[in-house]
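See structure below.
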Amino acid sequence: GAVVSQHPSRVICKSGTSVKIECRSLDFQATTMFWYRQFPKKSLMLMATSNEGSKATYEQGVEKDKFLINHASLTLSTLTVTSAHPEDSSFYICSATGDGYTFGSGTRLTVV
Amino acid sequence: GQNIDQPTEMTATEGAIVQINCTYQTSGFNGLFWYQQHAGEAPTFLSYNVLDGLEEKGRFSSFLSRSKGYSYLLLKELQMKDSASYLCAVSNDYKLSFGAGTTVTVRA
């Protein structure tokens with residue numbers, strides 16, 4: 001079946017630094033990828049829709065200058081959390097549309 | 001907007017059956033998904049309904065009524081490993097909106 005690889009699985013960074021999270025579709029081409037964040041015991045909240053070769057579409061309330069999304073190829077999308085602060089600490093998950101919606105394994109970001 | 005409701009928690013005994021209900025009000029509808037999520041892990045696909053009726057897949061079944069904005073996930077012959085969060089998600093304009101999830105605890 002379809003596999004989406006997300007890296008890193010865990011990252012701890014200092015406040016004010018930037019962190020890049022990668023999401024790769026391993027055995028299929030993903031025209032569209034989605035980025036979610038999830039707080040403990042809460043639902044997945046869609047942050048943005050990423051389309052290959054075009055600008056991402058952000059959901060209301062999500063700062064596009066803070067959460068930079070790049071979808072440079074049909075198999076890779078990246079999310080960069082810029083100037084991270086402790087309130088950005090969360091679980092970030094990507095998904096790709098191929099055979100249905102396939103999710104990456106998630107990235108636990110902790111900003112200290 | 002999207003409004004997807006499901007119970008917060010359910011507890012059941014090993015070998016029993018549990019039914020998780022999900023009601024939704026969305027501006028559009030392309031289908032309804034159920035996912036299982038263990039703590040700290042990504043959701044894994046369980047079932048998909050786009051037409052009314054029951055979809056059966058091994059120990060898991062899912063039902064949809066589009067006119068009522070209602071779905072349920074039925075878990076049979078519960079096993080300890082089924083303890084997890086179960087997420088109801090509605091596809092609208094091919095974007096998924098999730099409910100808050102139902103934490104199912106299976107007791108011996």
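Quick note on labels: first sequence line is chain A, next is B, and so on, each numbered from 1.
Partners of A:Ser83 according to the side-chain contact (heavy atoms from CB on, under 4.5 Å) rule, which considers only residues two or more places apart in sequence or in another chain, are A:His85.
For chain B, the nearby parts of A:Leu44 are the backbone and the side chain; heavy atoms of each come within less than 4.5 Å. In this structure, no portion of B:Ile4 lies under 4.5 Å from any heavy atom of chain A.
In this structure, CD in A:Glu63 is found 9.5 Å from CE in A:Met47, a value given to the nearest 0.5 Å.
Within the structure, disulfide (SG to SG under 2.5 Å) pairs that include any residue of residues 5-108 of chain B comprise B:Cys22-B:Cys88 (at least two apart or interchain). For residues 72-93 of chain A, the set of pairs meeting the salt bridge (charged side-chain N to carboxylate O under 4.0 Å, His left out) definition, not counting sequence neighbours, comprises A:Lys66-A:Asp88.
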Review point. A:Ile21 and A:Thr78: side chain to side chain contact (heavy atoms under 4.5 Å, CB included), yes or no, with the steps?
Key: CA-CA 6 Å; A:Ile21 302 169; A:Thr78 61; over 6 Å; no

Review point. Run the side chain to side chain contact (heavy atoms under 4.5 Å, CB included) check on B:Ile17 and B:Leu75 step by step: do they pass?
Key: CA-CA 6 Å; B:Ile17 299 173; B:Leu75 286 64; over 6 Å; no

Let me see the donor-acceptor pairs closer than 3.5 Å between chain A and chain B, or none if nothing turns up.
from: A:Gln38; atom 1: OE1; to: B:Gln37; atom 2: NE2; distance (Å): 2.9
from: A:Gln38; atom 1: NE2; to: B:Gln37; atom 2: OE1; distance (Å): 3.0
from: A:Ser43; atom 1: OG; to: B:Phe98; atom 2: O; distance (Å): 3.3
from: A:Ser43; atom 1: OG; to: B:Gly99; atom 2: O; distance (Å): 2.5
from: A:Glu59; atom 1: OE2; to: B:Lys95; atom 2: NZ; distance (Å): 2.9
from: A:Tyr101; atom 1: OH; to: B:Ser91; atom 2: OG; distance (Å): 3.2
from: A:Tyr101; atom 1: OH; to: B:Tyr94; atom 2: O; distance (Å): 2.9

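Here B:Gly40 is the residue among B:Gly101, B:Ala39, B:Gly40, B:Ala89 with the most heavy-atom pairs under 4.5 Å with chain A.
Checking side-chain atoms of A:Ser73 against main-chain N and O of A:Thr75 turns up a donor-acceptor pair under 3.5 Å.
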